[in-house]
There are 2 protein chains.
Amino acid sequence: MSSNRRRSIGIFDSGIGGLTVVRQVHRMLPDEDIVYLGDTARVPYGTKSPETVVRFACEDTEFLAQRRVKAVVVACNTASAWALPTLHRRFDLPVFGVIEPGAAMALRRTRNRRIGVIGTSATIRSGAYSRIIHVLDAGAKVFARACPLLVPLVEEGWTNRPETRSILRDYLSPLLRCGIDTLVLGCTHYPLLKPAIRSIVGKDVALVDSAESCAEFLRIDLSERKLLFIGRRRTGTIRPFVTDDVGRFEWLSRRFLGAEIQRPRRVFLPVAGTDGSG
Amino acid sequence: MSSNRRRSIGIFDSGIGGLTVVRQVHRMLPDEDIVYLGDTARVPYGTKSPETVVRFACEDTEFLAQRRVKAVVVACNTASAWALPTLHRRFDLPVFGVIEPGAAMALRRTRNRRIGVIGTSATIRSGAYSRIIHVLDAGAKVFARACPLLVPLVEEGWTNRPETRSILRDYLSPLLRCGIDTLVLGCTHYPLLKPAIRSIVGKDVALVDSAESCAEFLRIDLSERKLLFIGRRRTGTIRPFVTDDVGRFEWLSRRFLGAEIQRPRRVFLPVAGTDGSG
């Protein structure tokens, strides 16, 4: 068991957005080593079908499993929404998503039990947030909205432009009219829009960042499983892998991680001999 | 040779945008059968690295070659920009891109030899339009601009919203200030933005649609190679294939093709035994 404690935590995402989750995990569990996989050759997942998202998520998890990680975090909301049951069934590893932590946190924050959720088309279509919120509190009301233009806007660095605020207003007004007091940012890219979102929803709506709540969830769960790193205090390493060229990763990663990161290694998926459909 | 004439024309794109090329080819060569492949599981190509785009383009072409097409049209500007030399070398088939036809048409339309080009980040970074325009006319001036938000806006159907016009103004103003009299729409999605673009550039700037010029190029070249269909006049079929789920394809395809299309078949790439890197 103690050797397992020393293994890395694997985190994957469709691209670089998952670095917002890496950032929170690294902040909350600074001793832990992290292996990060960004599937940048096939990004985004949020516009694709459930079947394809599940296949890609299995291939990503297989890659991390081969690196002998002690747990896998699905940083991508879309993959969390569609692929978790399959990953739990297929891999003999603790696998964590971002939906359940985000849903639980939203219920802790809301006072009027009217919760807004924004995410990619695929995440919203899955109904995963509504489903889990209703399992935890059958009386809560959930108002969900797909916001497919936000990821491209963030990736362009247009996080606080007039056009972005105008598009955000368009997406968020219907939710505000429903009287939400809590808004789940159901996509790894959205934390970078917090200031713009705050300026539209005002100070009375709580913003729930799935990345933060996921890191907290992970800490508790790994502790219960006796999988937390124990040893001399140190700063854990972050080893990044990507499936496309590394250039764009370096440029974007600083913004998502809020820090420098070592040069990623390029890998090809699916790993030979696995096709994720087996 | 006459049996070759009866074969289909293969057209591929990173997604469904290439249906704007299918539309023009079908309009200009109505007798011809067309096999279309949209790599919807890995779309977009325009944000990815040259190496990855070349690998995907080889896999797409391999799929069409296995269907025994008589020629391949690379409808995707990004793939045309990066992959044509490799495709010409690796496949024993006529392969056409959209860049050269677009460049040639721009030079026919311009009077002041100041040409604007808009496209995805990868297409513009490749410098392919500038290079070919300068081969054809060393004295022409080319002003290029990457417009990464336009594809998501079109895919959302936001082709004529205030936000879209505002973003377009932002992208196009620098080109207009350079005095261009011709603008190449260097991405399959952009023809759907023609009315919005026209409202910003005014009536004195010629808009060049690569899809149209590509279809014209194809007709001339196939005729010279004696590969045009000859036989009883008829309406050619369009057989679509996609790599992701077919649902989203059906919804979007009507807008790009401007007509109904038969239900696509789902295929997986790379085809077994090929990895595009050989």
Side-chain angles (χ1 to χ4, degrees), chain A residues 14-16 39-56 59 82 120-122 125 146-158 161-171 242-249 251-252 266-270 272 275-277, chain B residues 14-16 39-56 59 82 120-122 125 146-158 161-171 242-249 251-252 266-270 272 275-277:
Chain A
S14 56
I16 38 241
D39 191 8
T40 48
R42 303 188 292 197
V43 72
Y45 290 1
T47 54
K48 299 182 184 156
S49 71
E51 188 188 340
T52 294
V53 170
V54 170
R55 181 161 60 93
F56 290 171
E59 292 168 0
W82 288 111
T120 64
S121 303
R125 205 167 48 236
C147 304
L149 293 169
L150 300 187
V151 168
L153 286 165
V154 170
E155 299 218 333
E156 279 319 293
W158 286 32
R161 307 258 306 220
E163 292 88 351
T164 306
R165 285 196 301 274
S166 168
I167 290 170
L168 273 171
R169 219 175 337 264
D170 195 276
Y171 284 145
V242 289
T243 56
D244 192 7
D245 190 54
V246 302
R248 193 173 151 83
F249 178 88
W251 177 73
L252 277 166
R266 165 78 168 275
V267 293
F268 291 95
L269 291 184
D275 64 359
S277 64
Chain B
S14 56
I16 37 239
D39 191 8
T40 48
R42 303 188 292 196
V43 70
Y45 290 1
T47 55
K48 297 177 187 162
S49 71
E51 190 188 339
T52 294
V53 170
V54 170
R55 181 161 59 93
F56 290 172
E59 292 169 359
W82 289 111
T120 65
S121 302
R125 206 166 50 237
C147 304
L149 292 170
L150 300 187
V151 169
L153 286 165
V154 170
E155 298 217 335
E156 278 321 292
W158 285 33
R161 307 258 308 218
E163 292 88 352
T164 306
R165 286 196 300 275
S166 168
I167 289 169
L168 274 171
R169 218 175 338 263
D170 195 277
Y171 284 144
V242 289
T243 57
D244 193 6
D245 190 55
V246 302
R248 194 172 151 83
F249 178 89
W251 178 73
L252 277 166
R266 166 80 169 273
V267 292
F268 291 95
L269 293 185
D275 65 358
S277 65

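All chains are named by letter (A, B, ...) in the order of the sequence lines, taking the proteins before the strands, and each is independently numbered beginning at 1. Hydrogens, waters and symmetry mates play no part in the numbers below; they use all other heavy atoms, side chains included. Every value quoted in this text rests on a predicted model; they were computed, and no experiment measured them.
- Taken to the nearest 0.5 Å, the CZ atom of A:Arg42 stands 11.5 Å off from the CG atom of B:Asp244.
- Only the side chain of A:Phe56 comes within contact range of chain B, with heavy atoms under 4.5 Å apart.
- Atom CD1 of A:Ile167 and atom CD1 of B:Ile167 lie 4.5 Å apart (nearest 0.5 Å).
- Of all the listed residues (B:Leu153, B:Thr164, B:Val246), the one sharing the greatest number of non-hydrogen pairs under 4.5 Å with chain A is B:Leu153.
- Remark: A:Glu163 CD to B:Arg169 CZ distance equals 9.0 Å, nearest 0.5 Å.
- For chain B, the nearby part of A:Arg266 is the side chain; its heavy atoms alone come within less than 4.5 Å.
- Remark: side-chain polar atoms of A:Lys48 are not paired, donor with acceptor, to backbone N or O of B:Asp245 under 3.5 angstrom.
- With a threshold of 4.5 angstrom between heavy atoms, B:Ser166 approaches chain A through its backbone and through its side chain.
- For A:Val53, no part lies near chain B; criterion is any non-hydrogen pair under 4.5 Å.
- How far CD of A:Glu156 is from OG of B:Ser121: 5.5 Å, rounded to the nearest 0.5 Å.
- Residues A:Asp170 and B:Arg161 have side chains in contact (heavy-atom distance under 4.5 Å, counting atoms from C-beta outward).
- When every heavy atom of A:Thr52 is checked against every heavy atom of B:Thr243, the shortest pair comes out as OG1-O, 4.3 Å.
- Heavy atoms of B:Val151 lying under 4.5 Å from chain A are absent altogether.
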